Amino acid sequence: MTTYARQTGRTVTLPASLDEAVAALEAMPAAVPVAGGTDLMAAVNSGLLRPAGLVGLGRISEIRGWQYADGNALLGAGLTHARMGRPDFAALIPALAAAARAAGPPQIRNAGTLGGNIVTAAPTGDALPVLAALEATVVLAGPEGSREVPVSHLLTGMDPLRPGELLAFVRAPLLHAPQTFLKATGRTGPGRAAASVALVLDPARRGVRIAVGAVAPMPLRPLEAEAWVAGLIDWDGARTLDPEACTAFGEYVAMSCIPDPPDPAEGELPPAVLHLRRTVAALSRRALGRALS
Amino acid sequence: MTGPDAATATPSLAGPAAPADPPAEGAEDSRHGLGSSLPRTDAEAKTKGVFPYAADLWAEGLLWAAVLRSPHPHARILSLDTAAAAAMPGVHAVVTHADVPGETTHGRRSTADRPVFAHDVVRFHGEPIAAVAADHPDTARLAAAAIAVEYEVLPPVTDPEKAFSADPLHPDGNLIRHIPLRHGDPDAVGDIVVEGLYRVGRQDPAPVGAEAGLAVPRQDGGVELYLASTDPHADRDTAAACLALETDRVKVVVTGVPGAMGDREDAGFGLPLGLLALRTGCPVKLVATREESFLGHAHRHPALLRYRHHADGEGRLVKVEAQLLLDAGAYADTSSDALAAAVAFAAGPYVVPNVFVEGWAVRTNNPPSGHVRGEGAMQVCSAYEGQMDKLAARLGLDPAELRMRNVMATGDPLPTGQTVTCPAPVGELLKAVRDAELPPLPSADDEEEWLLPGGLEGSGEPGAVRRGVGYALGMVHMLGAEGHDEVSTATVKVLGGSATVICAAVETGQGFTTLARQIVQEVLGVEDVTVSAADTDQPPAGPSARGRHTWVSGGAVERAAKMVRTQLLQPLAAKFGMSVELLSIADGKITSYDGVLSTTVAEALDGKELWATAQCRPHPTEPLDENGQGDAFVGLAFAAIRAVVDVDIELGTVRVVEMAVAQDVGRQLNPAQVAARIEAGVTQGVGMALMEDLRAPRGVIKRPSLTGYALPTALDAPRVRIVALLEERDVVAPFGAKAVSAIPVVVSPAAVASAVRAATGRPVGRLPIRPQAAVARPTGA
Ligand SMILES: Cc1cc2nc3c(=O)[nH]c(=O)nc-3n(C[C@H](O)[C@H](O)[C@H](O)COP(=O)(O)OP(=O)(O)OC[C@H]3O[C@@H](n4cnc5c(N)ncnc54)[C@H](O)[C@@H]3O)c2cc1C
């Protein structure tokens, strides 16, 4: 007897609309959605995952672009990193475009999607700190209709994706102000973030929002540092800060994200962690400096 | 051994800033023969993706193998139950230690300390325990996972310094080899003394292709092993011994090698496969996952190196003291060779009257170490060059000048007492890189074009970037050392207008088949030369390592070709009453010096097939004695590299801008190949310097994947500028050529470290350089 046949039982559906995709998942709850496959197929190839069926999202044109809705952009989950990296998108949400350009080598960016990046929720997911800084929300489509949750609730697991649900859109504010995304990696060529920061200015709310990626399971928001620096900026004037203030901000952010151990008896942080903290400080300082220049 | 032409030293030193356009030697204006840049025979197939690698092997009715590997670095196996696995549908056989019919241990260099399958204890994470053959790879993997093993987890010994006092991890003990080297006056002291501690991490050879093999049972009870072996005869002998077969019943056929920076786990593949094929009577194939590859194959020896250099007030070395500790992992493998190189080259290519070294290779529960090119020599180069930088800093001397005051030359002794008889143009090499023009600093307007450390979309900031320039000199031996019988045999046949070379030298990507073609083209003037694939039906040629095949196999091919040439020309010469020396062959035509005779090779052959077999065996070497003394090496190669790096001193990110290389090549047999080998070696060295370290905390490899283990990408690979290739022919080497691949790997990491020191002012004692070691306080501005 042979066990070879086991492989052929796999079903692949290629729905053309979100509704069809939701229906396909409902019909086969064991099936797994696949967008670019750049995360999923790595797990399949290494034998970690053997999905009973696949629902391909690549033909759903409604989630491959974006539209505008009340000062927000409604971004399709199927937008690829390559698409988001282009200048027209960069004019809308510069930090997300910068993150998309940094998310792996070109072959991966041609296939990998915004939705996949969010659902994978890797600590090093490059879109995630940007979405956290933007305070974006995600629109989830499921058998019971659609619902909207803050991206942070999804990432922290406070409000996870339910069975049968698909990530359809990301609602992100259009802030019409400078934004930066900076990523430190171990090599000059494409690599996963050792640390990353996304910083956005929100002149309407007179806010500076920064999220730090890769240093924790999900992006961290140093709210006090944000409020402190926002209070220093002359929002109606030149919107500049002196270098010392930028440096202090960087250190504030870094100390909040990588604090000293509460009990001094536990000793100093290891050198690699101290270096990570310095890296976060330098990136935050540079990010703010560039956003204000 | 070589023709009279090889005895003439013809140094050709390109001008300081001259481009790397290597001038062809002598009359090599034709597009073939030695000295020409004949494209590699495998280039087209590899570029098109049709080159058959071992993973592409197929046989009718084959079964798939999977290996059960230890999840623990150190554990006692209390029980092993294969019943559930064997009962799974689709499973044809499960084999363990109990099923090995012959020798149950094997190893390289006559130390058979490694079990085919672990039975009583496992000594490293990933050690094979059992293997399964099934009709589908998934079934085989599931069955391997279904083998019930009860472990008593033991504390792993992962700090090589603790190996000395730890309980023995193996019946052979924890000390694999100790070499003390004593040379000169132990009481000598210098005016200036600098000390340093250096560490080298674990580099993985990371072959690009999947590691794979196929075993096919034979009618006569024997087995054929299709492996990407780099030493087919050794692998055959191991397989025969462990499978209890006569050697003529085991045939190793070499299949497409997926890149070989060192040994792969060939025996570890061949043995389970052979066993399963014999057991099931079916062909059995194994393709290692990337994870298995990382766990199973040999890595570069991690090293801990303590140095004390004494110099006089002028910076001339007085004494070098060193303690070298190599982490061998659980089994000896080639560690004793690596240690010999480390000890012998501990002071580098410098004249040092007094050298005292203690070298140890010790057993631990860390991932296995073995042959990765430049082994031993690379680790110490990073340390002695670090010491030279320290000395220069202490004396306020330019680092290049300090080195220049100490360089070795032909005729100087090594600390092993062996006199360097081959060309050793160390000073010229250093001068060439020192005088080469520096790459320009990016100007403010082309900031866009400036690839900052950290990458294209990175976070680098020009204001935080410092440029550093560093130097390193290094040396490596060619061929096996310490009395290894270095021999290769080749057969050359000519029939009609074409020739065939039969030699078991494995083409690992180093270009041997191309070289063999060039040699025959040169000697016999025949354009159409085929090099047959290597297998163990041919006489042994030895391993593909340390530039051996250019030397011994190339030498054997040349001799055989020359014998054929004599057979071909003798009758003609006799007929025309002239000596053979007055006839020449080129482009398939034979002509006499005066032009009277002109015929073609095909006509001269007159339908006959001529063939000859010859051996090449360089002069013997001897083991290092109890004082580390002895003529242990056949030949040495040298290089000087100047590294230019940009460091973001806040983030500690480093980009290597340029590596200027001056190398002692003896003679360029194929300039395009030489350049390619240097570029590849430098890139591997840059990987070692900046990112490659397979971390195994408490003996467990955490991220055995190409995501977890960063290799240099195209953006990380620096511009490699070959500023000089010194062609001073080595009179004892066939064609006067030296091995070219290993030396750039040996020297590049040290050069990068030196440049990072210059940029940051930090000591940089550890490779790869971690970002926290490359941060510095901004100076001045
Ligand atoms: C070589 C390489 C380099 C990489 N480098 C980076 C990098 O630098 N930075 C980075 O952030 N990432 C990187 N990645 C990871 C990956 O490319 C990204 O996370 C990418 O955005 C994933 O998108 P995808 O469309 O390929 O996801 P897929 O692999 O298709 O899916 C990933 C997961 O999300 C689920 N999913 C996908 N879309 C939806 C949806 N609409 N609704 C519900 N579930 C969904 C899938 O079921 C799956 O579980 C890299 C990957 C590789 C292979």
Side-chain angles (χ1 to χ4, degrees), chain A residues 1-7 39 42 45-48 50 85 97-106 109 122 124 126 180-197 243 247 250 270-287 289-290, chain B residues 64 88-91 134-143 145 289-291 451-461 463-464 646 648-657 686-687 690-693 704-708 710-718 768 770-775:
Chain A
M1 79 173 277
T2 174
T3 53
Y4 192 81
R6 252 173 350 108
Q7 289 280 308
D39 278 323
N45 290 341
S46 65
L48 294 174
R50 281 290 140 92
R101 283 196 298 265
R109 286 184 277 121
T124 56
D126 283 326
T180 40
F181 170 82
L182 298 179
K183 166 176 173 179
T185 57
R187 64 180 173 198
T188 301
R192 293 303 182 108
S196 62
V197 304
T247 305
V273 179
L274 287 174
H275 177 72
L276 194 62
R277 183 197 276 168
R278 276 198 302 272
T279 300
V280 171
L283 292 181
S284 308
R285 191 197 71 222
R286 290 178 188 183
R290 289 183 200 182
Chain B
W64 295 87
M88 283 172 65
V91 172
D135 58 8
H136 189 273
D138 280 349
T139 311
R141 286 208 189 98
L142 287 172
T289 62
R290 183 54 71 174
E291 178 178 339
L451 182 56
L452 293 168
L456 283 174
E457 293 300 328
S459 40
E461 200 147 90
D646 280 346
D648 184 321
I649 58 164
E650 284 182 336
L651 301 180
T653 44
V654 179
R655 189 175 86 82
V656 183
V657 176
V686 166
L690 296 181
M691 61 196 85
E692 293 189 45
D693 191 6
S705 73
L706 288 175
T707 309
L711 290 162
T713 66
L715 288 177
D716 299 284
R770 295 184 296 182
Q772 60 261 40
V775 289

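Here the structure is a predicted model, which means the values were calculated and not measured. Below, chains carry the letters A, B, ... as their sequence lines are ordered, and counting in each starts from 1.
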(request) Kindly give the heavy-atom pair with the smallest separation between A:His275 and B:Pro771, and that separation in Å. (result) NE2-CB, 3.2 Å
(request) Of all the heavy-atom pairs spanning A:Gly189 and B:Leu715, show the shortest one and how long it is. (result) CA-CB, 3.7 Å
(message) Is B:Thr289 close to chain A through its backbone or its side chain, or both, or neither, when contacts mean heavy atoms under 4.5 Å?
(response)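 For B:Thr289, no heavy atom lies under 4.5 Å from chain A.
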(request) Heavy-atom distances under 4.5 Å only: say whether B:Val656 touches chain A with side chain, backbone, both or neither. (result) neither
(message) Between B:Arg290, B:Arg141, B:Glu461, B:Met691, who has the most heavy-atom pairs with chain A when the cutoff is under 4.5 Å?
(response) B:Glu461
(request) Check each atom of A:Ala194 against the heavy atoms of chain B and say whether the ones under 4.5 Å are side chain, backbone, both or neither. (result)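 For A:Ala194, neither part sits under 4.5 Å from chain B.
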(message) Using only atom types and a distance under 3.5 Å, with no angle test, would you say the side chain of A:Thr279 pairs donor to acceptor with the backbone of B:Leu651?
(response) no
(request) Enter the distance from B:Glu650:CD to A:Arg286:CZ here, rounded to the nearest 0.5 Å. (result)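 Reported value, rounded in 0.5 Å steps: 4.5 Å.
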(request) Taking the side chain as every heavy atom from C-beta outward, state whether A:Arg187 and B:Thr713 have any pair of such atoms under 4.5 Å apart. (result)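 In contact.
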